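Notes follow the structure.
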Amino acid sequence: MLAGGASRRMGRDKATLAVPEEIAASGGATTMVEHVVGIVGKRCQPVFVVAAPGQPLPELPAEILRDEVRGLGPLLATGRGLRAAREAGAQRAFVCAVDMPLLTVDLIDMLADRAAEVDAEVTLPWDGRDHYLAAVYRTDLADRVDALVAAGERTMRALVDSIDAQRIVVPDSRPLSNVNSADDLRSLLQSGR
């Protein structure tokens, strides 16, 4: 899980944003990072959270990896997470952003099942656009990420456009919803009623 983004639109750290009880799986007060780690942890072990240097996080049932430099984008952080998953023995890893309060285990299962069937380098959901940070990646892509970053690339698109990608049309895109503002979180709550 990528949790170290600058959150410029939010104006604050998304990882420690409070998740309303209506969304929280625990039924009680929790932060975005705790909530999403809880969902991912139901299907993925071990769970790695890639955070910014010095970024405060609550205690989590996950291994925390720290970016060495702040602000280099999701590609470098994804490579760090894929490398850690590969070192842990995984051939594939589900990569997501911390700001996905409606993420479901059903979405993770659907992507993981399809990834096993087609053996593409990445299996990602598509709902009219690619969702790079809600996808299953082969962990051996860590070296490819390093090469792209060394060449000056910073975007996930640069990786996905250079590999074998399988796009899956998703019937319900709500689990892919990202929260970029407090208004986004309120809108998610209102649209779910």
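Numbers for residues simply follow the sequence, beginning at 1. Worth saying up front: this structure is predicted, and the values here are computed from it rather than measured.
When side chains are defined from C-beta on, P101 counts as touching M32, because their heavy atoms get closer than 4.5 Å. At least one side-chain heavy atom of P58 sits less than 4.5 Å from a side-chain heavy atom of E34. Under the 4.5 Å side-chain criterion, counting only non-hydrogen atoms from C-beta, L65 is in contact with E63. Between L159 and Y137, some side-chain heavy-atom pair lies under the 4.5 Å cut-off. When side chains are defined from C-beta on, D67 counts as touching P53, because their heavy atoms get closer than 4.5 Å. Side-chain contact between P56 and T16: absent, with no pair of heavy atoms (C-beta onward) separated by less than 4.5 Å. V122 has its side chain out of reach of V136: every pair of non-hydrogen atoms, C-beta onward, lies at least 4.5 Å apart.
In plain terms, the two heavy atoms of V36 and C96 that are nearest each other are CG1-SG, 4.0 Å. When all heavy atoms of L82 and T139 are compared, the pair lying nearest together is O-CB, 3.6 Å. Scanning both residues, A15 and V98, for their nearest heavy atoms gives CA-CG2, 3.9 Å. Heavy atoms only, all atoms of each residue included: L107 and P175 are closest at CD2-CB, 4.2 Å. Shortest non-hydrogen contact noted between L124 and A135 is CB-CB, 3.5 Å. Annotation for L57 and A51: closest pair CD1-CB, 3.7 Å, computed over non-hydrogen atoms.
Through chains of ILVMFWY side-chain contacts below 4.5 Å, V169 is grouped with W126.
Checked by atom type and distance alone, the side chain of T155 pairs as donor or acceptor with a backbone atom of A158 at under 3.5 Å. Side-chain atoms of Q55 come within 3.5 Å of backbone N or O of A52 as a donor-acceptor pair. Under the 3.5 Å distance criterion, the side-chain polar atoms of D172 are matched with a main-chain donor or acceptor of R174. For R80 (side chain) and R66 (main-chain N/O), a donor-acceptor pair under 3.5 Å exists by modelled atom type. A donor-acceptor pair under 3.5 Å is absent between the side-chain atoms of H131 and the main chain of P125, judged by distance alone. In this structure a side-chain-to-backbone donor-acceptor pair under 3.5 Å is present from K14 to V179. Between the E121 side chain and the D164 main chain, a donor and an acceptor come within less than 3.5 Å of each other. At distances below 3.5 Å, not a single donor-acceptor pair connects side-chain atoms of T123 with backbone N or O atoms of L111.
With rounding to the nearest 0.5 angstrom, the CD1 atom of I39 is 11.5 Å from the SG atom of C44. Note: M110 CE to D106 CG = 9.0 Å, rounded to the nearest 0.5 Å. To the nearest 0.5 Å, atom CG of residue N180 and atom CG of residue D99 are 6.0 Å apart. Expressed to the nearest 0.5 Å, how far CG of D161 lies from CG of L148 amounts to 10.5 Å.
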Salt bridge (Lys or Arg N to Asp or Glu O under 4.0 Å) evaluation trace for D140 with R86: CA-CA 7 Å; D140 60 8; R86 183 177 68 193; over 6 Å; no

Full working for side-chain contact (heavy atoms from CB on, under 4.5 Å) between V149 and L75: CA-CA 7 Å; V149 169; L75 184 61; 4.0 Å; yes

Step-by-step side-chain contact (heavy atoms from CB on, under 4.5 Å) determination, L103 to I108: CA-CA 8 Å; L103 180 66; I108 297 169; 4.3 Å; yes

S162/R144 under side-chain contact (heavy atoms from CB on, under 4.5 Å): CA gap, chis, key distance, verdict: CA-CA 9 Å; S162 71; R144 175 88 52 95; 3.9 Å; yes

Test log, rule side-chain contact (heavy atoms from CB on, under 4.5 Å), inputs M156 and L133: CA-CA 8 Å; M156 296 299 291; L133 297 181; 4.1 Å; yes

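Partners of D109 according to the side-chain hydrogen bond (donor to acceptor under 3.5 Å, both in side chains) rule, which considers only residues two or more places apart in sequence or in another chain, are R43. In terms of the side-chain hydrogen bond (donor to acceptor under 3.5 Å, both in side chains) criterion, residue partners of R83 (sequence neighbours excluded) are, by chain and number, D143, D146.
Other residues, nucleotides and ligands contribute at most 12 non-hydrogen atoms within 6.0 Å of the CD atom of E59.
Linking ILVMFWY residues whenever their side-chain heavy atoms come closer than 4.5 Å, directly or via other members, places I64 and M1 in the same cluster. There is a path of hydrophobic side-chain contacts, each under 4.5 Å, that joins I163 to V95.
Considering Q91, R92, Q166 in turn, R92 is the only one that fulfils the side-chain hydrogen bond (donor to acceptor under 3.5 Å, both in side chains) rule with D119.
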